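The structure displayed is predicted, hence computed values, not measured ones.
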Amino acid sequence: MVQLVMVYLFALHIIATDAACTSNESSTLNCSHMVTPDITNDTCLNSSIPCCDINTYINNSSFKSNTTFCFLNGTHHIDLVDDEILMIRNGFNISLIGLGGLVQHSLQDKVNEYNFTSYKEDQNVTFFQSSTVIRCKRSFAFIFNNINNLNLLNMAIQNCGANVESMVTPIQGNDSFPNITSVAFLLISITNLMFEDISVQNSTGYGFVGINMFGYSQLIGSSFIGNNQYIKDTNLKSHSYTKNLFCNDGSCPKNSTIYVTASNDGQTMYPGGNALFIYQNSTDTSQIQISSSLFTLGVDDSISSSIVSGSSYKPLDGIPGTGLSVMMLHSTSVNVCITNTVSYRNQAVMGANFYFQETYENSVISLFNVNSTRGYSPYNGGAFYYTSYGAASSIAFNGSIFSSDCSSVISTSVYVKYVGSLQMDNSGILGQLIAYYTNGIICNSSFQTMNCNGFMNTFNCNISVTNSTFDGTNVVSNYGNVDVT
């Protein structure tokens, strides 16, 4: 039986050192360009290949097909005009590789740096960060469009994000497409992505957005921390808006409607989160593989939400899923496999830690040894949220733990709707599981209460539960059949 405890995150990693900057190692890495934080660096001065700072390469449009940019150890500052972007499009075999070593950090350091309330579990969550750092002094975005074989390896990306609406607006095709304004990494139509040992931190808007990714998209040993910070803009006039964004799938409480009210008060508001994949009218089957990664501290303090009745909630992001979101909108199926990964302390209206939405794609979503805890969502699925419009997708939980921040009385840890096959084995839920129109098997698992309602609430489901325990009310079955043995 699984125990509900916080696990540690030990990321898979590749360690490179400054020795890789010698000519022999450079040929091994096939570096075509060196990137230096200091143009007087001896390695740069003695280099037999081009060696410049990152600002020079950006200004010279040097990033082309069949190039490998090797970033020397140290902090590389991007200091260009506001809302500058690095646009790399229509190419193949492009690599950006950091040559610094990986250092283990405690999340407690970032909690303190970003002025979050500290929890005792923070010190137990660890991540690896490269000593090769790219830090944006002004608003800046990396945009990759229509690239075959893109490799981004072993770097920390801090304080980036710029306005990318001109790139995203032409792609938006239906009302379900989220509002994307500012992003640090925007990837569009990439075939085969390797995103390894990258730490994206403190971005304005989204840290990572992938739109219509083809082939394999692999996120390995990476971390996404505190991405969707908003920035001050003293020239921006204060205004507010109220819009009904959710409740169109029947997931809100009966006779209530959730509204998101935003007021900038002299701040530029960018809805965002840590990482988002969107598949819009895509016809190719795609694979997302995530392992040994961390999604945490996704919250936007500029957005607040309330229920029509007047009950208020703490500040939340206006977009569901500030940890990891995958949205499949009228596209072919996407297979998602997540292993040995932590999603922790994200806040969003729905699906704070993990959010999945699809129309009729029949995807396969698998979570193995995943720890999704302290997700705060005032409606449903603080730890995990899945909804569709009649798909028969398969979802598998194995050796995983799910819990939500239960300070909201209607919050649930796991919410699923229209699942053809739900398989849950050796996993635990701290709080409530709500299932609609779902067929499944649950075994060797536990449901615990603490401050939450620890039970399973089902509507028109057929679920078999064996060798599992409930700390509190057992199962509420509304129609359908739930057999507990």
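- Under the salt bridge (Lys or Arg N to Asp or Glu O under 4.0 Å) criterion, D79 pairs with R138, sequence neighbours left out.
- The side-chain hydrogen bond (donor to acceptor under 3.5 Å, both in side chains) check on Q158 picks up R135, Q201, with sequence neighbours excluded.
- For N112, the side-chain hydrogen bond (donor to acceptor under 3.5 Å, both in side chains) test picks out Q108, with sequence neighbours left out.
- Here F185 and F208 keep their ring centres 6.0 angstrom or further from each other.
- For the side chain to side chain contact (heavy atoms under 4.5 Å, CB included) test, residues two or more places apart in sequence or in another chain that qualify with S130 are L102, T132, N154.
- Qualifying side chain to side chain contact (heavy atoms under 4.5 Å, CB included) partners for S131, counting only residues two or more places apart in sequence or in other chains: N73.
- By the side-chain hydrogen bond (donor to acceptor under 3.5 Å, both in side chains) test, E165 pairs with N163, sequence neighbours left out.
- Every residue meeting the side chain to side chain contact (heavy atoms under 4.5 Å, CB included) condition with N457, not counting sequence neighbours, appears here in chain and number order: Q432, I434, F455, F459, V476, N478.
- Pairs passing the salt bridge (Lys or Arg N to Asp or Glu O under 4.0 Å) check and including a residue from residues 374-383, sequence neighbours excluded, read E121-R374.
- Every salt bridge (Lys or Arg N to Asp or Glu O under 4.0 Å) that D122 has, sequence neighbours left out, goes to R345.
- By the side-chain hydrogen bond (donor to acceptor under 3.5 Å, both in side chains) test, S393 pairs with E358, Y386, sequence neighbours left out.
- For the residue pair S421 and S394, no side-chain donor N or O sits within less than 3.5 Å of a side-chain acceptor on the partner.
- Partners of Y418 by side chain to side chain contact (heavy atoms under 4.5 Å, CB included), not counting sequence neighbours, listed by chain and number: S388, Y437.
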I429 and M424: CA distance, side-chain angles, deciding distance, side-chain contact (heavy atoms from CB on, under 4.5 Å) verdict:
CA-CA 10 Å; I429 293 180; M424 179 174 171; 3.6 Å; yes

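- A side-chain contact (heavy atoms from CB on, under 4.5 Å) with L107 is found for one member of I225, V342, T126 and no other, namely I225.
- When the disulfide bond (SG atoms under 2.5 Å apart) test is applied to C461, no partner is found at least two apart in sequence or on another chain.
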